[in-house]
Amino acid sequence: MNKLKHYRKEKGLTQTQLGALLKTPISQGAVGHHETGARTPDVYVAAEYAAILGVSVEELFPAPEMTTAA
């Protein structure tokens, strides 16, 4: 799960407000899908989220843990 919702709420933004701040605005529903992990934002949207929220993309959307087969 990503931390988008945590940082959005920390900044006092609604999903609608965050979506509207993007260069190409997106809907509240799209932000909600990104928060729950139902959809993954493209790299440009992820970078914009990070810039708006003042964190790194890696902090918002950490890479999955790599496991090795034994």
Contacts of type side-chain contact (heavy atoms from CB on, under 4.5 Å), residue [X], not counting sequence neighbours:
X	result
Ser56	Glu58, Glu59
Ala38	His33, Thr36
Ile52	Leu13, Leu18, Leu21, Leu22

message: Nearest 0.5 Å, please: how far is CD in Gln17 from NZ in Lys11?
response: 13.5 Å
field: Contact list for residues 19-29, test side chain to side chain donor-acceptor pair (under 3.5 Å), sequence neighbours left out
entry: Gln15-Gln28
query: Please, which pairs that meet side chain to side chain donor-acceptor pair (under 3.5 Å) have at least one residue in residues 38-51, sequence neighbours excluded?
result: His34-Tyr49
task: Could you tell me which non-hydrogen atom of Val57 sits nearest to which non-hydrogen atom of Ala47, and how far apart they are?
output: CG2-CA, 3.7 Å
- request: Quick one: which residue pairs count as a ring-ring contact (aromatic ring centres under 6.0 Å, His included) with a foot in residues 5-27, not counting sequence neighbours?
  value: none
- request: Measure the shortest side-chain to side-chain distance between Thr14 and Val31 over non-hydrogen atoms and say whether it is less than 4.5 angstrom.
  value: no
